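Here the structure comes first, spelled out in C-alpha cells, and everything after it is commentary.
Numbers restart at 1 for each chain; the letters A, B, ... are given by sequence-line order, proteins then strands. Here the structure is a predicted model, which is why all the values come from computation and not from measurement.
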Amino acid sequence: MAEAASGKPKAEAKTGGGRFSPASLVLIAIILVMFFASYFTKADVSGLQIHPMKQFVVKPLFGGKELAFYTPTVVTLWMGVAILAVVGLLVLGTRGRAIVPSRVQSVAELLYGFVYKMVEDVSGKDGVKYFPHVMTLFVFILAANFLGLIPYSYTTTSQLAVTATMALLVFFGVTLLGLYKHGLGFLKIFWVSGAPLLLRPILAIIEVISYFVRPVSHSIRLMGNMMAGHAVIKVFAGFAGVMGLGAVAPILAITAVFALETLVAFIQAYVFAILTCVYLRDALHPGH
Amino acid sequence: MAENTKAGEEAVKAAEAAAEAGMPQLDFSTYPNQIFWLLITLVVIYFVLSRLALPRIASVLAERQDTITNDLAAAEELKQKAVEAEEAYQKALADARAEANRIVAEAKAEIQADLDAATAKAEAEIAAKAAESEKAIAEIRANALEAVKQVARDTAKEIVAALGGKADARTVSAAVNARLKELGS
C-alpha cells in the first residue's frame with residue numbers, strides 16, 4: 001500500500017515532464033478562449049431557455065435544409081473522426097510492431113486482448129471466428145462514445161437510427177447464423193428442455209418474446225445512456241450559462257456527470273459487445 | 001398498402017411532433033442518411049480491422065509469446081547448466097578431499113616405516129654399545145682384580161719384611177691368592 005502510494009507521484013512526475021506539458025497548455029488556452037467567447041456569443045441565450053435535446057439534431061454539414069441519404073451531416077463527420085481514431089489507435093499505433101510496446105501500442109493490444117478474451121469466454125472457441133465483427137462494433141461504439149465527450153462534438157451513438165441499425169445487424173446476423181448452422185434445430189433455443197413438460201409451451205412463448213425484444217433493449221440501452229448523460233450535462237451547462245461567473249455548483253455538477261459519462265462511455269461499449277457475444281453463443285449452441 | 005402508407009404518414013407526423021417536442025432521435029426523415037453513413041463506417045472499420053490491425057496485433061502478440069517462451073527455455077537451460085556446474089564442483093571438491101586424505105595416509109605410513117627402521121637401527125646400535133661397554137667393564141674389573149692381587153702381594157711382602165721375616169715371593173703370592181679366593185667366593 002505504502003509502496004504504491006510512494007510510487008505514484010514519481011510516475012506522474014516522469015510522464016508530466018515539467019510543471020506544464022504542451023498539451024495541458026493548449027487545453028488551458030482553449031478553455032480560456034471558449035470562456036471569453038461565450039460572453040460575446042451570449043446574445044442567443046436569453047433567460048432560462050435551455051434546449052438539452054438540440055444537440056442531437058442531425059444537421060447537414062454544409063448548410064441547406066435538404067437531407068438526402070448521402071448528404072454529409074454532422075453524423076457523417078463524427079463517424080469519420082471515429083474511423084480516424086480507430087485507424088490511429090489500432091493501425092498507426094501498432095506500426096512499430098514492437099516486442100516491447102509503446103504506450104499507444106499497448107493500449108491497442110489491451111483492447112485486442114480484452115475483446116478477444118470476451119468473445120472466447122462468452123461465445124466459446126468457435127465464436128472466435130466472429131471476433132473481427134464484435135471488435136468492429138466495440139471499437140466503433142467506444143470511439144463514438146469517447147469522441148462524444150469532447151465539448152462541441154457530436155455523439156453518433158446517441159442516435160436511435162445508429163444503435164438500432166447495429167442491434168438489428170446483430171439480431172439478423174445471429175439469427176441467420178443460427179439457422180444456417182443448425183437448420184430448424186435452432187428453434188430448440190425456445191424449447192427449455194430443463195423445465196417440466198407442462199411448463200415448456202408457456203416458457204417457449206416467453207422465450208420467443210424475449211428473443212424478439214432483444215434488438216430493442218440492445219439498441220435503446222446504448223442510445224438512452226448516451227442521450228441521458230449528454231442531456232444532463234447540457235442542462236447543467238444551461239444553468240452555468242445563466243449564472244455566469246458564480247456558477248460553481250453547476251460546474252461541479254458537470255464535472256461529476258462528465259466523470260460518470262467517461263465511465264459510461266466505456267461500459268456501454270462493453271455491454272453492447274458482450275451482449276453481442278451472448279447472442280452469438282445462443283446461435284452457435286442453441287440448446288439450453 | 002394504402003393503410004400502411006397512411007399509418008406510415010401518421011408515424012412520421014408523430015415523429016416530427018416528437019422531434020419538435022424534444023427528441024431529434026425520433027425524426028425518421030434523418031434515418032436513411034444516418035443508416036447509410038453508419039453502414040459505410042462499419043464496413044470501413046471492419047476492413048481496416050480484419051485486413052490490417054487485427055492480424056498485425058495478433059502477430060505481435062504471438063511473436064512476444066514466442067520470445068517469452070524462448071527466453072524462459074533459455075533461462076531453464078542456463079539454470080540446468082548452473083546446477084550441473086555446481087554438481088561438478090561438488091564432485092571435484094569431494095575428489096580433492098579423498099586425494100588429500102590418501103596422500104596424508106601415505107605420508108603417515110612412510111613416516112611410520114622410516115621411524116620403525118630408525119628405531120630398529122638405534123636399538124641395534126644401543127645393544128652393540130651396551131655389549132661393548134660390558135666387555136670394557138669386565139676388562140676393567142679383571143684389571144682391577146689383578147691390580148688388587150699385585151697390591152696385596154706387595155703389601156704382604158712389605159709387612160712380612162717389616163715384621164723381620166724373609167718372605168719368599170712364591171709363598172706370599174700363593175697365600176694372597178688363597179685369601180683372595182676365600183674373599184671372592
Side-chain angles (χ1 to χ4, degrees), chain A residues 51-60 67-73 75-77 79-80 82-83 86-87 89-101 105 108-109 111-113 116 131-133 135-137 139-140 143-144 156 158-166 169 223 227 231, chain B residues 5 7-75:
Chain A
H51 300 290
M53 303 308 282
K54 226 174 158 182
Q55 57 178 325
F56 301 117
V57 175
V58 180
K59 277 180 289 216
L67 199 69
F69 74 87
Y70 51 82
T71 315
T73 62
V75 172
T76 317
L77 171 68
M79 282 181 179
I83 293 178
V86 168
V87 169
L89 178 61
L90 294 178
V91 179
L92 298 183
T94 59
R95 70 184 184 284
R97 296 166 190 260
I99 292 293
V100 179
Q105 191 184 322
E109 284 170 7
L111 277 183
Y112 179 98
Y116 191 92
F131 163 61
H133 306 77
M135 186 77 175
T136 302
L137 287 173
V139 293
F140 169 69
T156 50
S158 67
Q159 293 295 319
L160 186 60
V162 172
T163 60
T165 306
M166 290 191 292
L169 278 178
M223 170 258 185
M227 184 187 75
Chain B
T5 51
E9 275 168 20
E10 272 172 11
V12 167
K13 267 183 197 161
E16 275 168 2
E20 272 166 30
M23 282 269 292
Q25 283 94 335
L26 297 179
D27 179 3
F28 292 114
S29 66
T30 64
Y31 274 33
N33 179 286
Q34 293 189 54
I35 293 168
F36 171 70
W37 289 111
L38 172 68
L39 291 180
I40 287 182
T41 305
L42 289 180
V43 167
V44 169
I45 291 180
Y46 176 74
F47 276 101
V48 166
L49 287 187
S50 61
R51 294 288 146 86
L52 271 174
L54 299 185
R56 184 187 289 176
I57 296 174
S59 76
V60 168
L61 290 180
E63 205 177 317
R64 180 172 310 141
Q65 196 54 51
D66 278 1
T67 310
I68 290 170
T69 312
N70 286 346
D71 285 1
L72 282 181

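Of the residues considered (B/T67, B/L61, B/L52), B/L61 shows the highest number of contacts with chain A, using heavy-atom pairs under 4.5 Å.
Using a 4.5 Å cut-off between heavy atoms, A/V91 touches chain B through backbone and side chain atoms alike. Residue B/I68: no heavy atom, backbone or side chain, is found under 4.5 Å from chain A. B/T30 touches chain A through backbone and side chain together, each having a heavy atom under 4.5 Å away. Residue contact with chain B, scored on non-hydrogen atoms closer than 4.5 Å, involves the side chain of A/Q105 exclusively. For A/P52, no part lies under 4.5 angstrom from a heavy atom of chain B. With a 4.5 angstrom heavy-atom cutoff, A/F140 touches chain B via backbone and side-chain atoms both. For a residue to count as touching a neighbouring chain, one of its non-hydrogen atoms must lie under 4.5 Å from one of that chain's; by this rule A/V162 touches chain B with backbone and side chain alike. Heavy-atom distances place the backbone of A/A98, and not its side chain, under 4.5 Å from chain B. For chain B, the nearby part of A/L169 is the side chain; its heavy atoms alone come within less than 4.5 Å. Only the backbone of A/A68 comes within less than 4.5 Å of a heavy atom of chain B; no side-chain atom from C-beta onward does.
Identified by a heavy-atom distance below 4.5 Å to chain A, the contributing residues of residues 40-49 of chain B are B/T41, B/L42, B/V44, B/I45, B/Y46, B/V48, B/L49, in residue-number order.
Distance alone, capped at 3.5 Å, places no donor-acceptor pair between the B/D27 side chain and the A/V57 backbone. B/R56 places no side-chain N or O within 3.5 Å of a backbone atom of A/R97 that could act as its donor or acceptor partner.
Between A/Y70 and B/W37 the shortest heavy-atom distance is O-CZ2, 3.0 Å. B/Q25 and A/L160 make their closest contact through CG-N, 3.9 Å (heavy atoms, listed as atom of the first residue, atom of the second, distance).
At a threshold of 4.0 Å, the pair A/E109-B/R64 counts as salt-bridged, since one of the basic side-chain nitrogens sits closer than that to a carboxylate oxygen.
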